[in-house]
Amino acid sequence: MTNDLSVLHARAGSNDVPYVDARFPDRPLILRIARPKHCDAATPVLFVHHGVNRNGYDYRDFWLPLVDEAGVLVIAPEFSKESFPGSRWYNFGNLADEVGAPQPREECTYAIVGRLFDALRAAGVTACAGYGLFGHSAGGQFVHRLLSLGFRDRVIAAVTANAGTYAMPDLGVAFPYGLGDTGVDDAALKALLGFRLTVMAGTADIDATSEHFPKEPPAMLQGGTRYERAHRYIAAARDAATKRGIACAWTIVDVPDVGHDGERMSAAAAPILGAALHAAARL
């Protein structure tokens, strides 16, 4: 299949574009697009990552009323359950195969995002040097693990929101709950702690009984609610930075009275990401 990405600029509003990554020719994606009224190759690109329901169309629709004010082109890659089944292929990035053997980096689904951005540049859709990331729930897991494992060469700004579990910045805890046995060393961890990651937590995201709340023992060690886990993630990062004598660039933003709500978390993230992406474009 030949990808035609030029149609991303076809019209303002919503659009759906089929896409196949060269490394996964039998695992198609759909790019759910929210294009602002004023959009050209200088418009910042923001990749928005859906949750466990693989509902990229919903997340695109969450961002439709936000893109004009934020001034960003939103692309929500939809990782269907048929093409990318289970947490291994999405939340955990296909870092290891079905028997736990490490995969080459180019076989990790985290690598799809950077290759997609390269394709957008090659097609003339964007002339930007980098892009932004937003992920909510399972998408928040995808985003922060992508960053943690070094797939962030051209990431300008990133928000992980209401993630269910975290890859803690701890080389002594095995992935996916830490960064042990991933090839991340102390130098790479220092670089990660210096990246400006924003963690967003809905203060009402405290339901520990829902079907999709991770309850396995390693997850419960991170806290009893998603809200608590987000704060423990930040605390662990600050502790890791202090032990290494460096500053931690991560920030946490509490979103008052919001639970596990992708729409309201998107609205809270839009001004943060829009401002960061436009500030970078002016440099």
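Just so it is clear, the values below take in all heavy atoms, side chains as well, and ignore hydrogens, waters and symmetry mates.
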Sidechain-backbone polar pair: [X] side chain, [Y] backbone, donor-acceptor under 3.5 Å:
X: Asn53; Y: Asn55; result: no
X: His49; Y: Ala76; result: no
X: Arg35; Y: Lys37; result: yes
X: Arg115; Y: Glu106; result: yes
X: Ser137; Y: Gly51; result: no
X: Thr109; Y: Gly93; result: yes
X: Asn15; Y: Ala34; result: no
X: Arg232; Y: Met168; result: no
X: Thr203; Y: Asp257; result: yes
X: Thr182; Y: Leu179; result: yes

Do the two ring centres, one from Phe79 and one from Phe142, sit under 6.0 Å apart?
->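 Yes, they do, as the ring centres are separated by less than 6.0 Å.
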Aromatic ring proximity Phe47/Tyr131, centre distance under 6.0 Å |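 Yes, close enough.
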On a heavy-atom basis, which atom in [X] and which in [Y] lie closest, and how many Å separate them?
X: Leu273; Y: Ala158; result: CD2-N, 4.1 Å
X: Gln222; Y: Tyr166; result: NE2-O, 2.7 Å
X: Ala247; Y: Ala241; result: C-CB, 4.1 Å
X: Pro77; Y: Leu116; result: CG-CD2, 4.4 Å
X: Cys128; Y: Thr43; result: SG-O, 3.6 Å

Report the C-alpha separation of Gln141 and Thr165 in whole Å, then their side-chain angles, then the decisive distance to 0.1 Å, and conclude whether the side chain to side chain donor-acceptor pair (under 3.5 Å) test is met.
-> CA-CA 7 Å; Gln141 293 191 45; Thr165 65; 3.1 Å; yes
Do [X] and [Y] have side chains that approach each other closer than 4.5 Å (heavy atoms only, starting at C-beta)?
X: Leu31; Y: Leu5; result: yes
X: Glu107; Y: Leu95; result: no
X: Pro28; Y: Glu82; result: no
X: Leu189; Y: Pro169; result: yes
X: Val17; Y: Leu8; result: yes
X: Pro218; Y: Glu216; result: yes
X: Val253; Y: Val199; result: no
X: Val255; Y: Arg264; result: no

Answer yes when Asp186 and Arg244 have at least one side-chain N-carboxylate O distance shorter than 4.0 Å, and no when they do not.
->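 Looking at Arg244 together with Asp186, the answer is yes, because their closest N to O distance falls below 4.0 Å.
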N-O pairing of Asp16 and Arg60 below 4.0 Å |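 Counted as a salt bridge, because a side-chain N and a carboxylate O are separated by less than 4.0 Å.
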So if you build clusters from Ile, Leu, Val, Met, Phe, Trp, Tyr with side-chain heavy-atom gaps below 4.5 Å, do [X] and [Y] land together?
X: Phe195; Y: Leu133; answer: yes
X: Leu66; Y: Val258; answer: yes
X: Met265; Y: Tyr57; answer: no
X: Phe24; Y: Tyr110; answer: yes

Within the supplied structure, the quantity of interest is the number of heavy atoms (other residues, nucleotides, ligands) at a distance under 6.0 Å from [X] [atom1]; does it exceed 12?
X: Asp181; atom1: CG; answer: no
X: Arg196; atom1: CZ; answer: no
X: Asp40; atom1: CG; answer: yes

Given side chain to side chain donor-acceptor pair (under 3.5 Å), test Tyr227 with Asp254 step by step and report yes or no.
-> CA-CA 9 Å; Tyr227 179 75; Asp254 279 355; 2.6 Å; yes
Interatomic distance, Leu277 atom CG to Leu73 atom CG [nearest 0.5 angstrom] |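 Taking CG in Leu277 and CG in Leu73, the distance rounds to 11.0 Å.
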Indicate whether the side chain of His260 and that of Asp205 have a donor and an acceptor atom separated by less than 3.5 Å.
->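 Asp205 and His260 do have a side-chain donor-acceptor pair below 3.5 Å.
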Verify the distance criterion only: is there a donor paired with an acceptor across the side chains of Arg88 and Asn94 at less than 3.5 Å?
->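 Arg88 vs Asn94: donor-acceptor pair found between side chains.
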Do the numbers put Arg154 on top of the ring of Phe117, so that NZ or CZ is under 6.0 Å from the six-membered ring centre and no more than 45° off the axis?
->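 Not satisfied by the 6.0 Å and 45° rule.
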Under the criterion side chain to side chain donor-acceptor pair (under 3.5 Å), which of Arg32, Glu78, His136, Glu263 is the partner of Tyr59?
->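 The side chain to side chain donor-acceptor pair (under 3.5 Å) with Tyr59 is passed solely by His136 among Arg32, Glu78, His136, Glu263.
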Let me see the working for Thr225 and Asp207 under side chain to side chain contact (heavy atoms under 4.5 Å, CB included), right down to the final yes or no.
-> CA-CA 7 Å; Thr225 66; Asp207 181 3; over 6 Å; no
Parallel, tilted or perpendicular, as decided by the 30° and 60° cut-offs, for the rings of Trp250 and Tyr233 =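 Rings of Tyr233 and Trp250: tilted, as their planes differ by 30° to 60°.
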